[in-house]
2 protein chains.
Amino acid sequence: MPGTSPDFAARLRAAGLRPTRQRVALARVLFEGGHRHVTAESLHGEVRATRIPVSLATVYNALNQFRDAGLLREVVVAPGKSYFDTNTGHHHHFFVETDGELHDFPSDKVTIAGLPAPPKGTRLSRVDVIVRVRR
Amino acid sequence: MPGTSPDFAARLRAAGLRPTRQRVALARVLFEGGHRHVTAESLHGEVRATRIPVSLATVYNALNQFRDAGLLREVVVAPGKSYFDTNTGHHHHFFVETDGELHDFPSDKVTIAGLPAPPKGTRLSRVDVIVRVRR
DNA sequence: TGCACCACTTAGAATTATTCTAAACTACTT
DNA sequence: AAGTAGTTTAGAATAATTCTAAGTGGTGCA
């Protein structure tokens, strides 16, 4: 399929980020293939396997920048651990408490009714539903 | 109202926890008055004001024990910060992202429909709804 | 094409939240 | 009153993340 391979540099530029070697390497790991959940540590491990040198600090920087640019979504499920989700569309999460696994599920079948109005002076940012399960 | 003043020692004993001076002091701060949200730091500050010596390590221990005993519920909203909620009944949360505030709202008006079945081999633990808002 | 500028990356130190360790203490049982 | 197991404690240790200051490298412009 010529021409269909995603141009990560262009995608980063479109998000207002300079396409450096390490950001492109990180984007490739994150966005080629299907949706993923990563932590800074796990992503650092993966990108190091590509032989492009990327420090852990850069992984943290990039994850925060990607999130701010809307390329990733941050999900906080347990104290001291946050995941970044490459799926930025509407969806919710299963969290398997017993082994720290996170799974997406689509939100199109899910309806939430009866939510109260946001406290005055605030506007809605997003509604997170986390279904906690255990083995 | 004679006889209605809550006996914190008895309450701790009922939860299987020895009612030590510091646990009783913490329970008093937490459970007298209405529902509260605290962090380890904020609770430590409050209990120190009662002039009963309680170390921060003990605050962490007690919060974890109270949670395990079902006296508190832990809510994780932001990376590196978790709140303990004295309201253990069914309810959900507003989280004001811009200033880190957490507010309860009752779940009796809220209905969630269309949730998928838990992944096989797991059973439901709890469904958290966090409505994120910003100023 | 070469160069300069400023954004970016980096190693390591710093920070923050939380847990651990080992010794001292104390509530409960006998 | 004394024994003993459960608790508390200060301080060290750990873990996740951010900061700092110096070096590197895209980018736009000559």
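Residue numbers start from 1 in every chain, and the chains themselves are labelled A, B, ... in the order their sequence lines are given, proteins ahead of strands. Only a predicted model underlies this, so the values are computations on that prediction, with no experimental measurement involved.
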Once salt bridge (charged side-chain N to carboxylate O under 4.0 Å, His left out) is applied, do any residues pair with [X], and if so which ones, sequence neighbours excluded?
{"X": "A:Glu32", "answer": "none"}
{"X": "B:Arg13", "answer": "none"}
{"X": "A:Glu41", "answer": "none"}

Tell me the interatomic distance from [X], atom [atom1], to [N], atom [atom2], rounded to whole angstroms.
{"X": "B:Leu56", "N": "C:dT16", "atom1": "CG", "atom2": "C1'", "result": "12 Å"}
{"X": "B:Arg23", "N": "D:dG6", "atom1": "CZ", "atom2": "C1'", "result": "8 Å"}
{"X": "B:Lys81", "N": "D:dA16", "atom1": "NZ", "atom2": "C1'", "result": "15 Å"}
{"X": "A:Phe84", "N": "D:dT17", "atom1": "CZ", "atom2": "C1'", "result": "10 Å"}
{"X": "A:Glu41", "N": "D:dT17", "atom1": "CD", "atom2": "P", "result": "8 Å"}
{"X": "A:Leu17", "N": "C:dT9", "atom1": "CG", "atom2": "C1'", "result": "14 Å"}

Picking from C:dT18, C:dC20, D:dT17, the nucleotide nearest the side-chain atoms of B:Ala57 would be C:dC20

Using a cut-off of less than 4.0 Å, is there contact between a side-chain N or O of A:Thr58 and OP1 or OP2 of C:dA11? no

What is the per-nucleotide protein-contact pattern of nucleotides 25-30 of chain C, from the 5' end, where B denotes a base atom under 4.0 Å from a protein heavy atom, S denotes such proximity for sugar-phosphate atoms only, and - denotes neither? -SBS--

Once ring-ring contact (aromatic ring centres under 6.0 Å, His included) is applied, what residue pairs with a partner in residues 51-78 of chain B remain, sequence neighbours excluded? none

Of residues 60-80 of chain A, the positions that come close to DNA chain C - non-hydrogen atoms, cut-off under 4.0 Å: A:Asn61

Heavy atom of residues 48-55 of chain B under 4.0 Å from DNA chain C: which residues? none

Contacts of B:His91 meeting ring-ring contact (aromatic ring centres under 6.0 Å, His included) (sequence neighbours excluded), chain-then-number -> B:His93

Checking one residue: B:Val76. Which other hydrophobic residues are in its cluster under the side-chain 4.5 Å linking rule? A:Val76

Categorize A:Thr39 for me: base, sugar-phosphate, or nothing, with a 4.0 angstrom heavy-atom threshold over every strand shown. nothing

Sequence neighbours left out, what pairs pass salt bridge (charged side-chain N to carboxylate O under 4.0 Å, His left out) with at least one residue falling in residues 48-59 of chain A? none

Any side chain to side chain donor-acceptor pair (under 3.5 Å) pairs touching residues 126-135 of chain B, not counting sequence neighbours? A:Asp128-B:Arg132, A:Arg132-B:Asp128, B:Arg73-B:Asp128, B:Glu97-B:Arg134, B:Asp99-B:Arg135, B:Arg126-B:Asp128

Charged N-O contact under 4.0 Å between B:Glu46 and B:Arg28: no

Quick one: does NZ or CZ of B:Arg67 land under 6.0 Å from the six-membered ring centre of B:Phe84, within 45 degrees of the ring axis? no

Please list every donor-acceptor pair under 3.5 Å in which a side-chain atom of residues 105-116 of chain B meets a protein atom from a residue at least two apart or in another chain.
| residue | atom | partner | partner atom | Å |
| --- | --- | --- | --- | --- |
| B:Ser107 | OG | B:His90 | O | 3.2 |

